[in-house]
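Below, each value reflects all heavy atoms present in this structure, side chains not excepted, and no hydrogens, waters or symmetry copies. Quick note on labels: first sequence line is chain A, next is B, and so on, each numbered from 1.
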Protein chains: 2
Amino acid sequence: MPDLPLERIDPDSDRAAFRQIADHLRTLIQRGTLQPGDRVPSEARLMEHYGVARMTVRQALQVLRSEGLVVAEHGRGVFVRERPRVRRLASDRFARGHRARGKATFIAEVEESGSKPTVDTVEVTEEEADADVAERLGLQAGARVIVRRRRYLIDGRPAETAVSYLPAQIAAGTAIARPDSGPGGIYARLEELGHHLARFTEEVRSRMPLQEEARALRLPAGVPVFHLIRTAYDTTGRPVEVCDTVMSSDAHVLQYELPAQ
Amino acid sequence: MPDLPLERIDPDSDRAAFRQIADHLRTLIQRGTLQPGDRVPSEARLMEHYGVARMTVRQALQVLRSEGLVVAEHGRGVFVRERPRVRRLASDRFARGHRARGKATFIAEVEESGSKPTVDTVEVTEEEADADVAERLGLQAGARVIVRRRRYLIDGRPAETAVSYLPAQIAAGTAIARPDSGPGGIYARLEELGHHLARFTEEVRSRMPLQEEARALRLPAGVPVFHLIRTAYDTTGRPVEVCDTVMSSDAHVLQYELPAQ
DNA sequence: TAGTGGTCTAGACCACGGT
DNA sequence: CCGTGGTCTAGACCACTAA
């Protein structure tokens, strides 16, 4: 720690002292002098080195935290953030072939990558669809829908939360309305019910997490989330499911194929 | 402003005062009591109302800023962030039909939505491909590539930055290597050169912006960026372009089609 | 127990925006 | 000019971690 090539603050610079300190540390991180998992010098050391008050040092560290570059651990120190293993979500992940083995998409996919998938809360209710969901499902506002809420984990770490909405007219009273939807998951059930899946559309957004999302996904500061809204259509063109998914953006890369026509 | 239903701090709560203040204000924003563009009470008012020191109030506001909920304007006040108009990027946006009118993809798309597109820096160079680009283009490390860097604006506001890489073997000496690549853009030129485009793959990431990105896209704090890496393949399966794009996540929704096979 | 970060105070001076 | 947010100081006490 004491050997880090820390520069000094330029008192003639227009740039605020805390920004200069943040710049120095950011450079060390981006150059790899400070590696993921390494400890950043303590606030006390930084105060001494730069000759500034504690709040100035803390402001510099706050900048780096909101950039997602470091995480603070109370009582331990501030560390360069470690990047989790990235999960690639390919655009063919809902293709029928992947369901053949009697496993839901998430389970099959994660097991294939050598990790342990778990699903930790499955809550199934019947509710009135809100305006957005009703529109996506082509239903009247306030129509009844089966709602499946769950959280997926990989090796015990939260990976994504998902909420599925299906028309009650289709799903009520079937295995889809039970927590354990059986082998192959709800898509297998839909096909058994005669709703052969033809295509999916997926909308991708990104934003900073809400507080509950940061908690549910154990997100450090400075890490945005992907927000996906997927709609499944059967071969008649009818929308049969809307799935609303939130996942950490630093553990995921989405991959799509675009047609050239 | 003075009529806002601000609560008081619960001194017995475990939750820090600045978090309670942030919670109160967040609730007002999420309930719509404070609308986008509205001014949040000034630091002085908040200090007075909650009976805390200025730094405590500022910490609360800092929380909301890094959540992307408010923006501070020096000398004016703190305002609930206004959401820009959202641009939808559909997965067929590179389909041949959309190029027919002799316009590059971005120009055609933005004009269709009734806004004014501009491209403000086109810098074209020939460089050595870095390892990642070389791999994506199926080239030897260090192979020569034509690099096109530009920034796109909608109604004068920066929308995205993009850097395209094409094998020099294909593009050197052609209109692709000139700032103005001519009607229909570089994809039209590639097809004239016999590289008929068959498909594209797109990788989607999201993260907090680097400093230059925040500057180039005029991003307020708390707004992540989409980082897209698109590869274009010709009908022989050869990758002919890699395009690296960064865009504000709050002005964009990406939309894709997924096959059910 | 020593060292770390988390919270909070009560000031100070400055730069910016609009009157 | 006044009110706004931006920067900075020099303390204080607390809670957590690890030895």
Item checked: Atom-to-atom span, CD of B:Gln59 to P of D:dG6 - whole angstrom -> 14 Å
Margin query: Do the side chains of B:Arg207 and B:Glu213 get close enough for a salt bridge, i.e. N-O under 4.0 angstrom?
Written below: yes
Notebook entry, point to check: If only atom types and distance count, is the side chain of B:Ser249 paired as donor or acceptor with the main-chain N or O of A:Ser206 below 3.5 Å?
Noted result: yes
Next item on the list: Rounded off to whole Å, could you give me the CZ-to-P distance for the B:Arg45 and D:dG5 pair?
Entry: 10 Å
Next item on the list: Would you kindly give the CZ-to-P distance between A:Arg15 and D:dC8, to the nearest whole Å?
Entry: 11 Å
Notebook entry, point to check: Any Lys/Arg nitrogen of A:Asp23 or A:Arg19 sitting under 4.0 Å from an Asp/Glu carboxylate oxygen of the other?
Noted result: no
Next item on the list: Rounded to the nearest angstrom, tell me the gap between atom CG in B:Leu46 and atom P in C:dC8.
Entry: 15 Å
Check: When the distance from CD of B:Glu43 to P of C:dC16 is rounded to whole Å, what number comes out?
Finding: 16 Å
Margin query: Without decimals, in angstroms, what is the distance between A:Asp14 CG and D:dG6 P?
Written below: 17 Å
Check: Can B:Glu160 and B:Arg151 be counted as an ion pair, charged N to O under 4.0 angstrom?
Finding: no
Next item on the list: Specify the separation, in whole Å, of atom CD of B:Glu48 and atom P of D:dT4.
Entry: 11 Å
Note to self: Students often get this wrong, so: under 4.0 angstrom with heavy atoms, is B:Arg19 touching a base, only sugar-phosphate, or nothing?
What the structure shows: sugar-phosphate
Note to self: Check this for me, if you would: do A:Glu203 and A:Arg230 make a salt bridge, where the nitrogen-to-carboxylate-oxygen distance has to be below 4.0 angstrom?
What the structure shows: no
Next item on the list: Provide, to the nearest angstrom, the distance between the CD atom belonging to A:Gln62 and the P atom belonging to D:dC8.
Entry: 15 Å
Margin query: Does this structure show an ion pair linking B:Arg93 with B:Glu109, if we count only N-O contacts that are shorter than 4.0 Å?
Written below: no
Note to self: Taking only side-chain N and O atoms of B:Arg39, does any of them lie within less than 4.0 angstrom of OP1 or OP2 on D:dT4?
What the structure shows: yes
Checklist line | Nucleic acid footprint by protein, nucleotides 9-19 of chain D - heavy-atom cut-off 4.0 Å, B for base, S for sugar-phosphate alone | finding: BB-B--BBSS-
Item checked: Residue A:Arg65, side-chain heavy atoms: nucleotide from C:dC8, C:dG5, C:dG6 that is nearest -> C:dG6
Checklist line | Cationic N near anionic O, under 4.0 Å, A:Arg148 to A:Glu123 | finding: no
Next item on the list: Verify the contact: side-chain N or O of B:Ser42 to OP1 or OP2 of D:dT4, cut-off strictly under 4.0 Å; return yes or no.
Entry: yes
